[in-house]
Amino acid sequence: MNKRMKINKLLYLDEAVDEVVVKGWVRTRRSAKGFSFIEVNDGSCLKNIQIIADNSQDNYDDICRLTTGSAVAVSGSVVESPGKGQKWEINAKNIEIISIAPEDYLLQKKRHSDEFLRTIAHLRPRTNKYGAAFRIRSELSYAIHKFFRDRGFRYIHTPILTGSDCEGAGELFQVTTLDMENMPRINGKTDYSADFFGKEAGLTVSGQLSAEMFALALGDVYTFGPTFRAENSNTSRHVAEFWMVEPEMAFCDLDDDMDVAEEMLKYLAGIVQKNCAEDIELFAKFIDKELKDTIQNTLSSDFERISYEEAINILEKSKKKFEYEIKYGKDLQTEHERYLTEEYFKKPVTVYNYPKDIKPFYMRLNDDNMTVAAMDILVPRIGEIIGGSQREERFDVLEARMKEMDMPLKDYWWYLDSRRYGSVPHSGFGLGFERLLMFLTGISNIRDVIPFPRTPKNIEF
RNA sequence: UCCCCGGUAGCUCAAUGGCAGAGCGGGUGGCUGUUAACCACUAGGUUGGCGGUUCGAGUCCGUCUCGGGGAGCCA
């Protein structure tokens with residue numbers, strides 16, 4: 001009979017238990033007279049369980065050689081701990097040493113820098129901080145599906161391989177099966193008709209256009225999957241491969257869109273507060289002292305909603321010296337966004353109705369013919385966490401706009417078809433999942449909230 | 001891609017242009033219901049690479065590389 005108990009269950013027992021089995025990894029070991037304290041972590045939660053191994057064990061000499069990182073299976077009884085610092089501990093009857101971590105094991109029982117841990121990304125989930133981060137990541141993933149499912153959304157798997165380039169969101173990673181050392185050529189140019197798909201292909205930069213097609217069939221849909229940008233961005237907020245949540249809703253205007261986005265962020269903040277309290281505590285204590293306020297503030301305050309024009313006015317009146325000038329028609333810079341959300345409103349801010357010239361082709365043109373029904377949600381520390389819009393549903397207007405932007409209409413025949421047949425007002429947005437994690441954990445570098453980050457010149461692991 | 005800062009022991013960091021060090025971790029021994037335990041001893045280095053200046057370079061200069069911060073692009 002397998003009595004294995006995960007530590008997150010064991011620590012919350014109401015009464016002592018005679019026989020349990022715990023399996024996990026040694027975090028630290030201390031010897032006392034006649035026995036040894038072993039702290040074991042099994043990844044189920046932040047906390048370790050303290051194991052007491054006395055010298056009557058057959059393999060006591062080996063037990064005393066257990067190093068940080070070694071794997072053990074412990075059977076014994078759960079008893080109240082006479083020591084301070086923990087309610088329960090295990091009196092071991094038997095400790096099976098599954099494997100020993102040799103002395104060159106890099107993780108020590110002390111704080112390591114994030115920079116160092118990034119160089120051993122295969123081991124870092126074994127640390128407190130990264131274990132907590134990735135438990136929260138998992139919890140939030142599930143919460144996203146639950147949020148949408150509870151509201152009648154359907155989950156759509158949009159393609160990762162794409163044939164359409166100008167989705168208007170950054171550089172594409174090219175995908176090919178051609179021999180790179182010997183590309184077939186016609187008139188000096190690569191002959192993509194010989195390639196796998198018979199044309200140029202790449203990794204998706206957004207599932208939005210596909211999701212729109214399904215919103216116009218199933219009503220409310222969302223995607224949640226990997227997204228790729230070949231931008232040479234070297235910042236703490238960019239990676240080449242990241243996960244994006246993209247809801248798309250039929251019969252939905254910009255106001256509804258902003259409502260859903262705000263409701264979702266509040267819901268997710270609430271989930272983290274409720275379901276990840278112990279892990280959040282670690283971040284609040286060591287990473288970001290204001291984290292709990294940030295979370296509480298997010299779920300309890302109404303986000304500020306201002307138009308782009310109002311944002312410009314506020315920035316102009318601020319009399320603050322910005323590096324980039326504030327001018328109607330120019331996009332908000334990071335410093336402007338941060339002023340609005342961190343200093344002026346001190347809470348999440350939704351900015352809507354941007355000038356059309358700084359936004360992509362698919363956003364719906366407003367009646368002023370100057371602005372489009374776009375919205376960005378800005379949050380403290382991160383800046384833009386959500387970008388969305390009402391989509392242009394009017395065929396003529398959309399076509400004119402695409403021509404204006406010199407887009408190859410024939411490549412978008414299917415997208416335009418959706419406006420030919422049964423077109424309806426619809427809206428959606430994209431949430432950067434890693435940025436959400438940064439926001440809700442206080443972790444300051446995006447490379448530390450994704451298991452194996454892909455950035456320019458780095459695809460190790 | 002641009003601007004700024006950095007790379008010294010496994011990790012975190014010291015070292016006026018003049019003998020390369022500490023704490024932690026590792027090893028050995030001791031002590032102890034301990035809590036990042038404690039005490040003693042011990043091993044451990046091509047100072048990121050290449051080139052230059054100098055009697056002499058971890059230190060100054062050039063260049064490459066890697067890492068960090070900021071910016072652009074964006075989620």
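The sequence lines fix the lettering, A, B, ..., with proteins before strands; numbering per chain opens at 1. All figures in this text were calculated on a predicted structure; none of them were measured in a lab.
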**Study point:** Nearest-nucleotide pick for A:Glu103, side chain only, options being B:G33, B:G27, B:C73
**Key:**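 So the nucleotide nearest the side chain must be B:G27.
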Could a donor-acceptor pair under 3.5 angstrom be found where the side chain of [X] meets the base of [N]?
X: A:Gln108; N: B:G10; result: yes
X: A:Glu115; N: B:G6; result: no
X: A:His112; N: B:C11; result: no
X: A:Ser233; N: B:C74; result: no

Please work out if [X] contacts a base, only the sugar-phosphate, or nothing of the nucleic acid, heavy-atom cut-off 4.0 Å.
X: A:Val239; value: base
X: A:Ile386; value: sugar-phosphate
X: A:Leu436; value: nothing

Both distances under 3.5 Å, Watson-Crick or G-U wobble: report the partner of [N], or none.
N: B:U42; value: B:G26
N: B:G18; value: B:C55
N: B:G33; value: none
N: B:U1; value: B:A71
N: B:C50; value: B:G62

Please report the distance, rounded to the nearest Å, between [atom1] in [X] and [atom2] in [N].
X: A:Arg27; N: B:G25; atom1: CZ; atom2: P; answer: 16 Å
X: A:Asn234; N: B:G67; atom1: CG; atom2: P; answer: 9 Å
X: A:Phe116; N: B:C24; atom1: CZ; atom2: P; answer: 18 Å
X: A:Glu246; N: B:C74; atom1: CD; atom2: C1'; answer: 13 Å
X: A:Arg447; N: B:G69; atom1: CZ; atom2: C1'; answer: 11 Å
X: A:Glu384; N: B:G72; atom1: CD; atom2: C1'; answer: 14 Å
X: A:Arg237; N: B:G68; atom1: CZ; atom2: P; answer: 15 Å
X: A:Leu117; N: B:G10; atom1: CG; atom2: P; answer: 17 Å

Rounded distance in Å between the [atom1] positions of [N] and [M]:
N: B:U16; M: B:C60; atom1: C1'; value: 13 Å
N: B:C50; M: B:A9; atom1: C1'; value: 24 Å
N: B:A20; M: B:A36; atom1: C1'; value: 28 Å
N: B:U46; M: B:U8; atom1: C1'; value: 12 Å
N: B:G44; M: B:C3; atom1: P; value: 43 Å
N: B:G62; M: B:U53; atom1: P; value: 15 Å
N: B:G29; M: B:A22; atom1: P; value: 24 Å
N: B:U12; M: B:G7; atom1: P; value: 12 Å

Point to revise | salt bridge (Lys or Arg N to Asp or Glu O under 4.0 Å) between A:Asp376 and A:Lys359, intermediate numbers included | key: CA-CA 11 Å; A:Asp376 285 350; A:Lys359 290 292 180 185; 3.4 Å; yes
Review point. Is A:Phe35 stacked on the base of B:G33 when the test is centres under 5.5 angstrom and planes under 30 degrees?
Key: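 No.
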Listed pairs, N/O of protein and of nucleotides 35-42 of chain B, under 3.5 Å:
residue : atom : partner  : partner atom : Å
B:U35   : O2   : A:Gln86  : OE1          : 3.3
B:U35   : N3   : A:Lys84  : O            : 2.8
B:U35   : N3   : A:Gln86  : OE1          : 3.2
B:U35   : N3   : A:Gln86  : NE2          : 3.4
B:U35   : O4   : A:Lys84  : N            : 2.8
B:U35   : O4   : A:Lys84  : O            : 2.3
B:U35   : O4   : A:Gln86  : NE2          : 3.4
B:A37   : OP1  : A:Lys109 : NZ           : 3.4
B:A37   : OP2  : A:Thr28  : OG1          : 3.3
B:A37   : OP2  : A:Arg30  : NH1          : 2.8

Practice item. Assert yes or no for the condition that the ring centre distance of A:Phe303 to A:Phe345 is strictly below 6.0 Å. Key: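 Ring-ring flag for A:Phe303/A:Phe345: false, centres at least 6.0 Å apart.
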Review point. Among A:Arg124, A:Arg447, A:Lys129, whose salt bridge (charged side-chain N to carboxylate O under 4.0 Å, His left out) with A:Asp114 holds?
Key: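 Per the salt bridge (charged side-chain N to carboxylate O under 4.0 Å, His left out) rule, the option paired with A:Asp114 is A:Lys129, out of A:Arg124, A:Arg447, A:Lys129.
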Basic-acidic side-chain contact under 4.0 Å: [X], [Y]:
X: A:Glu335; Y: A:Lys320; result: no
X: A:Glu39; Y: A:Lys109; result: no
X: A:Lys6; Y: A:Asp42; result: no

**Study point:** Reference residue A:Phe224; test ring pair (Phe, Tyr, Trp, His ring centres under 6.0 Å); the match among A:Phe148, A:Phe153, A:Tyr155, A:Phe433
**Key:**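 Going through the options one by one, the only one that passes is A:Phe433.
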Point to revise | A:Thr334 vs B:G72: side-chain N/O to OP1/OP2 distance below 4.0 Å | key: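 Yes, because at least one side-chain N or O of A:Thr334 sits under 4.0 Å from OP1 or OP2 of B:G72.
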**Study point:** Residue met sooner reading RNA chain B from 5', once A:Glu89 and A:Gly432 are mapped to nucleotides
**Key:**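 Nearest nucleotide further toward 5': that of A:Glu89.
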Point to revise | Contact nearer the 5' end of RNA chain B, comparing A:Ser113 with A:Tyr105 | key: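 The residue whose closest nucleotide sits nearer the 5' end is A:Ser113.
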Practice item. Kindly indicate whether the side chain of A:Tyr105, heavy atoms from C-beta on, has any atom under 4.5 Å from the side chain of A:Thr67. Key: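 No, side chains not in contact.
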Review point. How far apart are the C-alpha atoms of A:Glu404 and A:Arg401, what are their side-chain angles, what is the distance that settles it, and do they pass the salt bridge (Lys or Arg N to Asp or Glu O under 4.0 Å) test?
Key: CA-CA 5 Å; A:Glu404 198 178 302; A:Arg401 181 103 168 98; 3.6 Å; yes
**Study point:** Short side-chain to backbone donor-acceptor contact, A:Thr341 and A:Lys347, under 3.5 Å
**Key:**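 Yes.
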